[in-house]
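Scroll down for the structure; my scribbles are underneath it.
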Amino acid sequence: MKISIIGGTGYVGLTTAACLAFKGHTVYSVGRNIEKINKINNGIATVYEECLSDILRSAISKGLLFATEDHQKALMNSSIIFICVGTPSKEDGSIDLSQIKTASEQIGESLKKKKDYCVIVVKSTVVPGTTEEFVIPLIEEKSKKEAGVDFGVCMNPEFLREGSAVKDFLYPKEQGIVIGELDKRSGDSLFKIYEDFDAKILRTTLRGAEMIKYARNSYLAKDISFANEIANLCRKLGVDYNEVKIGMEMDSRIGRGRFLNAGIGFGGSCFPKDVKALIAKAKSVGVELGVLERTLLVNEIQPLLMINMLKEFFKPIKGHKIAVLGLAFKKGTDDMRESRSIPIIRALQKEEALIYAFDPQATARSKEIFGDEIYYALTAEEALANAEACLIVTDWPQFSNPKLYNHMKGRIIIDGRRILDPENLSSSFVYRAIGFPE
Ligand code: UDX
């Protein structure tokens, strides 16, 4: 099939484009940034994701993927058109639909001249009702054509995790595939793309698909904040939360692999944004989502617990050298969006600590946020050398090596991701962690 991806140079768009080309489709990656377009056409991925560069280069060499800013040409040649643009948070937590509006109007303009049937697929994360009440009217107005007659419409949420996006797209057995459809003809057209994937495919309504995306991410975020509240209580009651977690997961109704790892909370471009957006949408129809309100509140509290633990040893913290291991919102990525390291660094700056940070991937992006206000070590060892205390903020595997901490001058370790086993540390160290008995 010939497919266009509007927003095809971004994280979800480029991953979708490269993976569909990998499956043998001819794909146009439509973007507005000519530098990114040229990079992609030269086989250079514009986002860091494992395997993405390999499958991109292969697609380009086979002539199956072409990045362009000419949406008209791309859309005229395509039978499926994905919208993969961003929907960032506005001040009040609701989603900003400006990029969706631009994409919908571009599609409408192109459809005016297009004779053959095609299907518009919203893959961007949009709150329930957006596709029917915002996207379709815009396309119909610009194209003077009718949805369900002249063109089809689907909503197909993405369930990609940063660090495993290509794997999650090509092998979605764990997540499944959700197709929201305006009508059977629309759904049948999109189904053809996914029918050979090894995964359960759910076909539902447009707003059903929109809601499934938000409900899933909100559920996972809620699990994390639930775990963190229980962990905070465990710490006060002299219980190791990690033992409790093992005990909980023994119940098959809870099971393993849930998002129950306690720590400094969730970051990333999805959980915080999606939970805020669902709360805002609910409010707009007079519904209070108390569990999700609390989920966000706990997530704001968690990072600052590390500072409180630090204050047990330094009164004041001012002038003391503190090593911060990890800046990215999670291991395997350089993404700093909503990273829990941000409130931690800001709090340390307020206390006028001497901050020595290290992250294997996220230094460049961190400089965009903190500038030169903190020292960026080239290695973990360098950050730790002469440090009086260390805060472990991101769960990079290399930070779980107890020998690493022998480089420290001081002996205080505060583990925000429970990746160290205090049993493996020499008795000279003082270990503190969320969910670990005081
Ligand atoms: C998430 C969802 O997993 C994915 O399905 C969706 O499509 C996009 O959002 P992502 O944000 O890439 O993916 O990362 P994820 O691995 O889910 O972790 C999100 C955050 O939660 C990270 O900051 C991580 O450190 C934190 N987390 C995760 C916990 O604090 N505890 C856990 O048990 C799991």
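Counting starts at 1 for both ligands and their atoms, in listed order. Fair warning: this is a prediction, and the values are worked out from it, not measured in the lab.
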Q: Would you mind checking which non-hydrogen protein atom is closest to atom 29 (C) of ligand 1, with the distance to 0.1 Å?
A: I224 CD1, 3.6 Å
Q. Any idea which part of L160 is under 4.0 Å from ligand 1, heavy-atom wise: side chain, backbone, both or neither?
A. backbone
Q. Under 4.0 Å from any heavy atom of K213, which atoms of ligand 1 are there?
A. 6 (C), 7 (O)
Q: Inspect the contact between E229 and R294 and indicate whether a charged nitrogen and a carboxylate oxygen are less than 4.0 angstrom apart.
A: yes
Q) In terms of heavy-atom contacts, does NZ of K39 have more than 12 from other residues, nucleotides or ligands at under 6.0 Å? A) no
**Q.** Aromatic plane relationship, Y194 with F169 - under 30° parallel, 30 to 60° tilted, over 60° perpendicular
**A.** tilted
(Q) Could you identify the single nearest non-hydrogen protein atom to atom 11 (O) of ligand 1 and state the distance to 0.1 Å? (A) F329 CE1, 3.8 Å
Q: Could you walk me through whether I5 and L14 pass the side chain to side chain contact (heavy atoms under 4.5 Å, CB included) test, one step at a time?
A: CA-CA 8 Å; I5 313 283; L14 184 59; over 6 Å; no
Q: Check whether any side-chain heavy atom of N299 sits under 4.5 Å from a side-chain heavy atom of R340, and report yes or no.
A: yes
**Q.** Close side-chain approach of P437 to D240, heavy-atom, < 4.5 Å
**A.** yes
**Q.** Residue, atom name and distance, where the atom is the protein heavy atom closest to atom 3 (O) of ligand 1
**A.** R161 CG, 3.4 Å
Q) G267 to ligand 1: N or O pair under 3.5 Å? A) yes
Q) For atom 32 (C) of ligand 1, which candidate among N261, T333, V12 holds the nearest heavy atom? A) N261
Q: For the residue pair I264 and R417, establish whether any side-chain heavy-atom pair is separated by less than 4.5 Å.
A: yes
Q) Considering only protein heavy atoms, which is closest to atom 17 (O) of ligand 1, and at what distance to one decimal place? A) F259 CE2, 3.2 Å
Q: Please write down residue, atom name and distance for the protein heavy atom closest to atom 20 (C) of ligand 1.
A: F266 CB, 3.7 Å
**Q.** Atom indices of ligand 1 within 4.0 angstrom of E158 heavy atoms, with elements
**A.** 7 (O)
Q.
Would you say that V121 contacts I83 through its side chain, given a criterion of any heavy-atom pair below 4.5 Å between the two side chains?
A. no
(Q) Are there over 12 heavy-atom neighbours, none belonging to M309, within less than 6.0 Å of that residue's CE? (A) yes
**Q.** For atom 1 (C) of ligand 1, the protein heavy atom that lies nearest, with its residue and separation
**A.** F271 CE2, 3.5 Å
**Q.** Distance filter under 4.0 Å to R417 heavy atoms, resulting ligand 1 atoms
**A.** 25 (O), 30 (O)
Q | Nearest non-hydrogen protein atom, atom 5 (O) of ligand 1 | A | F159 O, 3.8 Å
Q.
Less than 4.0 angstrom from a charged side-chain N to a carboxylate O is my criterion; do D334 and R365 meet it?
A. yes
Q.
When you measure from the heavy atoms of G268 to every atom of ligand 1, does any distance fall below 4.0 Å?
A. no
Q) What about F436 and Y431, are their ring centers closer than 6.0 Å? A) yes
Q: Look at atom 14 (O) of ligand 1 and find which of K330, E162, E174, R216 reaches it with the closest heavy atom.
A: K330
Q. Just which atoms of ligand 1 are under 4.0 Å from any heavy atom in C270?
A. 8 (C), 9 (O)
Q: Check L260 against ligand 1 and report side chain, backbone, both or neither, counting heavy atoms closer than 4.0 Å.
A: backbone
